[in-house]
Peer 1: 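Would you mind keeping the following structure in view while I ask a few things?
Keep in mind that what you see is a predicted model, and the values were worked out from it rather than measured.
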Amino acid sequence: QVQLVESGGGLVQAGESLRLSCSASGRSFSNRGMGWFRQAPEKEREFVASINWEGSITDYTDSVKGRFTISRDNAKSTIYLQMNSLKQEDTAIYFCGAARNMAATRYGGHYDYWGQGTQVTVSS
């Protein structure tokens, strides 16, 4: 079992930054790929970013490339999502997930565990 807890969400203005954290407890965090997904009102959950087990490979959806950075600290069992130049369309609940294998993956079906989410709201 892996338990995930997100934090760092909030209300910001367009152009500002936020850093999300996802702390994991339980077994095998350092052997798993991890990812961030988001869900806006009345929309399906979508992939944002992922990172492999050792942090050497990352993947981003096109809309956040160059603005968001995913990273991990295995010693702290934590992943991060640095979000810069935020836009209104980034408003969503952000979820972190733990994949069932070591790779960075953008497919939600490859994730075994999810956190409860943290709200990010970007105003104009």
Peer 1: Decide yes or no for Ser71 and Ile79: does some side-chain heavy atom of the first lie under 4.5 Å from some side-chain heavy atom of the second?
Peer 2: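 The answer is no; the side chains never approach within 4.5 Å.
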Peer 1: What are the two closest non-hydrogen atoms of Val120 and Leu18, and how far apart are they?
Peer 2: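 Of all heavy-atom pairs spanning Val120 and Leu18, the closest is CG1-CD1, 3.9 Å.
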Peer 1: Let me check something: do Phe47 and Tyr94 share a hydrophobic cluster, defined by ILVMFWY side-chain heavy atoms less than 4.5 Å apart, either directly or through other members?
Peer 2: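 Different clusters: Phe47 never reaches Tyr94 through Ile, Leu, Val, Met, Phe, Trp or Tyr contacts under 4.5 Å.
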Peer 1: Grouping I, L, V, M, F, W and Y whenever their side-chain heavy atoms are under 4.5 Å apart, do Leu4 and Trp36 come out in a common cluster?
Peer 2: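 Linked within one cluster.
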Peer 1: Atom OG in Ser23, atom NZ in Lys76: separation rounded to 0.5 Å?
Peer 2: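 It comes to 10.0 Å.
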Peer 1: Give a yes or no on whether Leu20 and Val64 share a hydrophobic cluster (residues Ile, Leu, Val, Met, Phe, Trp, Tyr; joining criterion: side-chain heavy atoms under 4.5 Å apart).
Peer 2: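 Per the 4.5 Å side-chain linkage, Leu20 and Val64 are co-clustered.
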Peer 1: Looking only at non-hydrogen atoms, find the nearest pair between Ala40 and Ala92 and report the distance.
Peer 2: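 Looks like N-CB, 3.8 Å.
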Peer 1: Apply ring-ring contact (aromatic ring centres under 6.0 Å, His included) to Trp114 and list each qualifying residue two or more places apart in sequence or on a separate chain.
Peer 2: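 For Trp114, the residues satisfying ring-ring contact (aromatic ring centres under 6.0 Å, His included) (neighbours in sequence not counted) are Phe37, Tyr111.
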Peer 1: Apply salt bridge (Lys or Arg N to Asp or Glu O under 4.0 Å) to the pair Lys65 and Asp62, showing each step before the final yes or no.
Peer 2: CA-CA 5 Å; Lys65 283 181 181 177; Asp62 286 347; 3.1 Å; yes
Peer 1: Are any side-chain N or O atoms of Arg72 and backbone N or O atoms of Gly55, one a donor and one an acceptor, separated by less than 3.5 Å?
Peer 2: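 Such a contact is absent between Arg72 side chain and Gly55 backbone.
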Peer 1: Between CG of Asp59 and CZ of Arg106, what distance do you get to the nearest 0.5 Å?
Peer 2: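 Asp59 atom CG to Arg106 atom CZ measures 4.0 Å (nearest 0.5 Å).
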Peer 1: Taking the six-membered ring of Tyr113 (Phe, Tyr or Trp), confirm whether the NZ or CZ of Arg100 is under 6.0 Å from its centre and within 45° of its axis.
Peer 2: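 Not flagged: Arg100 not positioned over aromatic ring of Tyr113.
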Peer 1: Under the side chain to side chain contact (heavy atoms under 4.5 Å, CB included) criterion, do Met34 and Ile51 qualify, and how do the steps go?
Peer 2: CA-CA 5 Å; Met34 299 290 293; Ile51 189 165; 4.1 Å; yes
Peer 1: What about Met83 and Val12, same hydrophobic cluster or not, with Ile/Leu/Val/Met/Phe/Trp/Tyr joined at side-chain heavy-atom distances under 4.5 Å?
Peer 2: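 Linked, Met83 and Val12 end up in one cluster.
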Peer 1: Is the NZ or CZ atom of Arg19 positioned over Tyr80's six-membered ring, under 6.0 angstrom from the centre and within 45° of the axis?
Peer 2: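 Here Arg19 passes the 6.0 Å and 45° test against Tyr80.
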Peer 1: Should Phe68 and Ile70 be counted in the same cluster of Ile, Leu, Val, Met, Phe, Trp and Tyr side chains packed under 4.5 Å apart?
Peer 2: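 Yes, because Phe68 and Ile70 connect within a single hydrophobic cluster, where side-chain heavy atoms sit under 4.5 Å apart.
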Peer 1: How far apart are the closest heavy atoms of Val2 and Ala98, and which atoms are they?
Peer 2: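 For Val2 versus Ala98, the nearest heavy atoms are CG1-CB, 4.4 Å.
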Peer 1: Check each of Glu46, Glu89, Glu6 against Arg38 using the salt bridge (Lys or Arg N to Asp or Glu O under 4.0 Å) test, and report the only one that passes.
Peer 2: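 The residue from Glu46, Glu89, Glu6 that satisfies salt bridge (Lys or Arg N to Asp or Glu O under 4.0 Å) with Arg38 turns out to be Glu46.
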Peer 1: Gln88 and Val122: which non-hydrogen atoms are nearest, and at how many Å?
Peer 2: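 Minimum heavy-atom separation between Gln88 and Val122: CG-O, 3.5 Å.
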Peer 1: Among side-chain atoms of Asn84 and Gln82, is any donor-acceptor pair under 3.5 angstrom?
Peer 2: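 Per modelled atom types, Asn84 and Gln82 side chains form a pair under 3.5 Å.
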Peer 1: Could you report the tightest heavy-atom contact between Phe29 and Ala24, atom names first, then the distance?
Peer 2: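 Distance-wise, the nearest heavy atoms are CD1-CB, 3.4 Å.
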Peer 1: Indicate the atoms forming the closest heavy-atom contact of Ala99 with Thr105, along with that distance.
Peer 2: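 Here Ala99 and Thr105 meet closest at CB-CG2, 4.1 Å.
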Peer 1: Is it the case that the side chain of Asn74 and the backbone of Trp53 share a donor-acceptor pair, with hydrogens and angles ignored and the cut-off at 3.5 Å?
Peer 2: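 Looks like yes, one N/O pair under 3.5 Å.
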Peer 1: Counting only heavy atoms not in Glu44, do more than 12 fall under 6.0 Å of its CD?
Peer 2: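 Atom CD in Glu44 is not crowded, with 12 or fewer foreign heavy atoms closer than 6.0 Å.
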Peer 1: Tell me yes or no: between the side chains of Ser123 and Gln13, is some donor less than 3.5 Å from an acceptor?
Peer 2: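 Side-chain D/A pair, Ser123 to Gln13: absent.
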Peer 1: Would you give the length of the straight line joining atom OG1 of Thr69 to atom CZ of Arg67, rounded to the nearest 0.5 angstrom?
Peer 2: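 It comes to 11.0 Å.
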Peer 1: Quick one: do Tyr60 and Val48 satisfy side chain to side chain contact (heavy atoms under 4.5 Å, CB included)? Show the steps, please.
Peer 2: CA-CA 6 Å; Tyr60 300 91; Val48 176; 5.9 Å; no
Peer 1: Quick check: does any side chain N or O of Asp90 sit under 3.5 Å from a backbone N or O of Lys87, one acting as donor and the other as acceptor?
Peer 2: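 Present.
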Peer 1: With distance as the sole test, does Ser50 use its side chain to make a donor-acceptor pair with the main-chain N or O of Gly35 at under 3.5 Å?
Peer 2: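 Side chain of Ser50 to backbone of Gly35, a donor-acceptor pair under 3.5 Å: no, none is there.
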